[in-house]
Amino acid sequence: MAKFSVKKFRYDMVKDPTCFAVNRERAHADYLPCKSVEEALAEKSSFRLSLNGVWKFHYAKNYKSVIPGFEKPDYDCEDWDDIRVPAHIQMEGYGKPQYVNVQYP
């Protein structure tokens with residue numbers, strides 16, 4: 001697997017089929033860590049952070065339409081659209097829904 005720096009957005013990284021795990025957590029068990037027995041019995045953890053909600057979203061049809069500098073922490077995305085998370089972007093009005101009756105490779 002290729003090694004890449006992620007200090008700025010890199011098109012060559014996106015196009016490289018050997019690059020698929022930059023800044024990704026290593027595989028781990030899917031369990032619910034709990035602070036107490038009471039949390040475990042209630043099946044609710046104070047350590048869990050839900051990402052569900054409304055997020056700012058910008059749809060780029062291709063690499064050339066990506067907004068330069070969008071990945072910087074100080075980038076202002078207030079004028080972007082809102083999208084529900086979890087969601088499927090095509091069902092939120094971006095791109096075209098695709099149906100295939102074969103399994104993806």
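The first residue of the sequence shown is numbered 1, and numbering continues consecutively from there.
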Here the pair of heavy atoms bringing Cys34 nearest to Glu39 is CA-OE1, 3.6 Å

Residue pairs meeting side chain to side chain donor-acceptor pair (under 3.5 Å), one or both in residues 83-93, sequence neighbours left out, come to Arg84-Glu92, His88-Gln90

Query - Donor-acceptor under 3.5 Å (Ser45 side chain, Leu32 main chain) - result: no

Test His58 against Asp81 for side chain to side chain contact (heavy atoms under 4.5 Å, CB included), laying out the working first. CA-CA 6 Å; His58 173 75; Asp81 296 331; over 6 Å; no

Just checking Asp74: does its CG atom have more than 12 heavy atoms from other residues, nucleotides or ligands closer to it than 6.0 angstrom? yes

d(Ser46 OG, Lys35 NZ) to nearest 0.5 Å is 4.0 Å

Point to revise | ILVMFWY network linking Val66 to Tyr75, side-chain heavy atoms under 4.5 angstrom | key: yes

By side-chain hydrogen bond (donor to acceptor under 3.5 Å, both in side chains), Asn62 pairs with (sequence neighbours left out) Ser65

Over 12 non-hydrogen atoms of neighbours within 6.0 angstrom of CZ in Phe47: yes

* Asked: Is the number of heavy atoms from other residues, nucleotides or ligands under 6.0 Å of Lys56 NZ greater than 12?
  -> yes

Check: Sub-3.5 Å donor-acceptor pair from the side chain of Trp80 to the main-chain atoms of Asp76, do we have one?
Finding: no

Heavy-atom nearest pair, Leu51 first then Val85, reads O-CG1, 3.5 Å

Residues passing the side chain to side chain contact (heavy atoms under 4.5 Å, CB included) test with Ile89, sequence neighbours excluded, are Phe57, Tyr59, Ile83, Tyr94

Practice item. Return yes if some donor-acceptor pair links the side-chain N/O of Tyr63 with the main-chain N/O of Tyr11 below 3.5 Å, else return no. Key: no

